[in-house]
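First the structure, in the form of structure tokens, and then the observations on it.
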Amino acid sequence: MDTTTDRKLGSGLMVMASVCVVWYAFMIGLSILGHYVGYSRYTKKPPPRSPFLENAPGVSILRPLKGVDLELESNLRSSFEQNYPTFELIFSVASPNDPAVPVVERLMTEYKKIPSRLIVGDKQVGINPKVNNMVKSYEVAAHDILWILDSNVYVNQDTLGRSVDMLLEPGIGLVHHLPIAVQPQGYAAEVEQVFLDTNHAKMYLAINWVGIASCVMGKSNLYRRSDLDKAGGLGAFAKYMAEDNLVGEALWHQGLRHRMSADTACQALGKIRPLEYCRRRARWVRLRKYIVTAATLTEPFTESIVCGLLGALGFRVWWDLSMPLFFAVHWLAWFTNDYLLYRTLILASSTPVQQTQPMHFKRFICGWLSREISALPLYLYAMLGNEITWRDQRYRCVTSGTAVPVNDST
């Protein structure tokens with residue numbers, strides 16, 4: 001009996017170790033792929049715009065606004081200065097007293113030759129304030145191709161031309177750009193930058209390169225209004241907080257693939273309080289756990305510490321390797337991969353107008369260690385709750401992927 005039990009335990013242990021080794025190999029492959037895609041795409045000079053650009057279709061650039069983001073004027077100016085023959089700019093604010101209004105009006109006066117307008121007043125079609133702010137712009141846009149561009153990012157002046165080239169390829173329904181964090185001020189902002197420009201970036205690049213499913217972040221997206229209208233139009237997504245991901249999925253389900261150009265959507269972080277960083281990470285997890293539940297449940301196993309421990313266990317059982325030694329080598333290799341990708345993306349995002357430089361190596365180490373060590377506790381905290389804060393408003397996420405506002409009386 002004891003021998004049979006020992007055999008079963010031994011077989012179970014070997015199966016578990018095999019799963020650990022396979023998962024570890026998969027994650028290492030995915031990390032290397034993300035680094036490779038980032039290096040090959042962003043270290044080379046971006047491809048030129050199409051020679052037939054003069055005949056390119058018009059584009060409506062929609063920029064929803066609320067408040068004065070860091071570098072707001074530079075961000076908005078980057079859309080006025082696109083090297084593209086036919087485009088219009090539509091800005092939108094919910095309130096006439098929004099402090100972003102004078103900035104927009106000043107730029108519209110400066111660039112009188114660029115068709116632009118400011119729409120004041122949102123349209124309440126759902127819970128999502130960003131969608132409510134954009135619905136009027138969506139409805140009055142003069143062109144079928146829309147570029148949804150957040151107010152807190154700036155882009156290269158040739159981004160639109162390269163993106164339209166891709167969108168005109170057969171079977172392509174959405175073109176998006178890699179979000180990059182720049183100009184952090186203070187410890188928490190540096191941790192945020194490390195996360196966005198390493199872990200998030202390499203997974204975003206790898207998943208989109210494989211292209212087996214929609215994976216879209218809504219900082220900078222181009223698509224056709226006529227395609228989205230088939231899914232109910234932009235207003236149909238106002239009941240969701242993560243409308244960018246669901247818009248991407250709706251286009252994907254129509255058989256329209258997604259492409260990423262060799263451009264970045266750069267966000268200047270400025271100062272971030274540690275509590276604000278924690279809330280941002282919790283918000284992401286709490287939104288995703290009801291929308292992409294399976295991917296969210298596997299998230300801890302994609303992190304360097306948990307993944308490394310699984311690999312160390314598997315290699316210990318199969319090849320009797322020292323677990324501490326294996327983990328030390330693993331963590332050093334993971335760190336090196338992240339740091340090289342970080343430098344690649346930061347240097348690639350630098351422009352004559354917005355100069356970006358990597359943070360000091362010691363500060364990167366501090367930020368990276370803080371991010372990796374806090375990842376699992378923050379994930380567990382986020383999974384145990386349902387409340388998020390967005391633009392000073394509290395919401396409670398519900399299982400349908402929607403949310404309801406929360407006030408003090410609630």
Side-chain angles (χ1 to χ4, degrees), residues 33-34 37 41 46-47 49-50 52-53 55-64 82 84 86-88 90 125-126 128 130-131 134-135 137-139 141-150 153 155 158-179 203-265 287-288 291-292 294-295 401:
L33 176 60
V37 174
R41 179 177 295 166
R49 295 171 295 138
S50 169
F52 305 105
L53 190 61
N55 300 319
V59 177
S60 295
I61 304 176
L62 278 55
R63 301 208 72 162
Q82 289 299 300
Y84 195 80
T86 308
F87 69 91
E88 66 168 349
I90 307 178
V125 293
N128 189 311
K130 178 181 175 181
V131 175
M134 287 195 300
V135 167
S137 302
Y138 179 89
E139 293 173 345
H143 306 292
D144 188 38
I145 296 179
L146 306 178
W147 184 7
I148 311 299
L149 188 58
D150 281 1
V153 299
V155 290
D158 290 321
T159 298
L160 181 54
R162 284 189 286 264
S163 301
V164 171
D165 278 352
M166 285 188 167
L167 191 63
L168 295 180
E169 294 176 6
I172 301 301
L174 184 147
V175 175
H176 54 128
H177 311 111
L178 179 67
M203 293 302 162
Y204 196 79
L205 289 167
I207 293 171
N208 277 286
W209 187 88
V210 174
I212 60 174
S214 173
C215 179
V216 174
M217 187 174 179
K219 290 289 183 184
S220 178
N221 297 166
L222 282 86
Y223 48 78
R224 296 175 183 86
R225 179 172 50 190
S226 56
D227 291 331
L228 191 60
D229 283 345
K230 297 175 184 176
L234 183 62
F237 299 88
K239 60 183 178 180
Y240 303 108
M241 297 302 290
E243 88 293 336
D244 48 1
N245 183 64
L246 292 165
V247 164
E249 287 189 356
L251 296 173
W252 185 274
H253 292 325
Q254 294 180 31
L256 298 171
R257 304 300 90 175
H258 304 164
R259 289 286 303 275
M260 290 181 68
S261 72
D263 296 287
T264 57
L287 287 173
R288 292 199 310 273
I291 300 172
V292 283

Apply side-chain contact (heavy atoms from CB on, under 4.5 Å) to residues Val155 and Gln82 and explain how you reach the verdict.
CA-CA 9 Å; Val155 290; Gln82 289 299 300; 3.6 Å; yes
CG of Leu160 to CD1 of Ile61: how many Å apart, nearest 0.5 Å?
5.5 Å
Those residues at least two apart in sequence (or on a different chain) that pass ring-ring contact (aromatic ring centres under 6.0 Å, His included) with Tyr240 are none
Whether His258 side chain and Val216 backbone form a donor-acceptor pair below 3.5 Å
no
Would the distance check show the side chain of Arg257 and the main-chain N or O of Ile172 forming a donor-acceptor pair, the cut-off being under 3.5 Å?
no
How about Asp150 and Lys130: do any of their side-chain heavy atoms sit closer than 4.5 Å?
yes
So, for Tyr138 and Leu62, which heavy atoms are closest and what is the spacing to 0.1 Å?
N-CD2, 3.8 Å
Nearest-0.5 Å distance, CG of residue Leu228 to CG of residue Leu234:
6.0 Å
List in chain and number order the residues that pass side-chain contact (heavy atoms from CB on, under 4.5 Å) with Glu88, two or more places apart in sequence or in another chain; answer none if no residue qualifies.
Ser60, Ile90, Pro115, Arg117, Ala141, Ala142, His143
Check: Leu222 and Met166 side chains under 4.5 Å, non-hydrogen atoms
no
What are the two closest heavy atoms between His177 and Val175, and how far apart are they?
NE2-CG1, 4.3 Å
Do Val247 and Asn221 come within less than 4.5 Å of each other through their side chains, counting heavy atoms only?
no
Apply side-chain contact (heavy atoms from CB on, under 4.5 Å) to Leu178 and Arg41, showing your working.
CA-CA 11 Å; Leu178 179 67; Arg41 179 177 295 166; over 6 Å; no
State whether the side chain of Arg224 and the backbone N or O of Leu167 hold a donor-acceptor pair below 3.5 Å, judged by distance alone.
yes
At their closest point, which heavy atom of Met217 faces which heavy atom of Tyr204, and how far apart are they?
N-OH, 2.9 Å
Identify the heavy atoms of Ala265 and Lys219 that sit nearest to each other, and give their distance.
CB-CB, 4.3 Å
If every non-hydrogen atom of Ser220 is compared with every non-hydrogen atom of Trp147, which pair is closest and at what distance?
OG-NE1, 2.9 Å
What do the steps show when you test Met260 against Leu205 for side-chain contact (heavy atoms from CB on, under 4.5 Å), and what is the final call?
CA-CA 9 Å; Met260 290 181 68; Leu205 289 167; 4.0 Å; yes
Looking at Asn128 and Lys239, would you say the former's side chain and the latter's main chain have a donor-acceptor pair under 3.5 Å?
no
Take atom CH2 of Trp209 as the centre, draw a 6.0 Å sphere, and report whether it contains more than 12 heavy atoms from other residues, nucleotides or ligands.
no
Run the side-chain contact (heavy atoms from CB on, under 4.5 Å) test on Val292 and Glu249 for me, step by step, so that the C-alpha distance in whole Å, both residues' side-chain angles and the decisive distance to 0.1 Å come before the verdict.
CA-CA 11 Å; Val292 283; Glu249 287 189 356; 4.1 Å; yes
Partners passing side-chain hydrogen bond (donor to acceptor under 3.5 Å, both in side chains) against Asn208 (at least two apart in sequence or in another chain)
His176
Taking the side chain as everything from C-beta on, heavy atoms only, tell me whether Val164 gets closer than 4.5 Å to Pro57.
yes
Closest non-hydrogen contact found for Leu146 with Arg225 is CD1-CB, 3.9 Å
Test item: Glu243 side-chain N/O and Val131 main-chain N/O as donor-acceptor pair under 3.5 Å
no
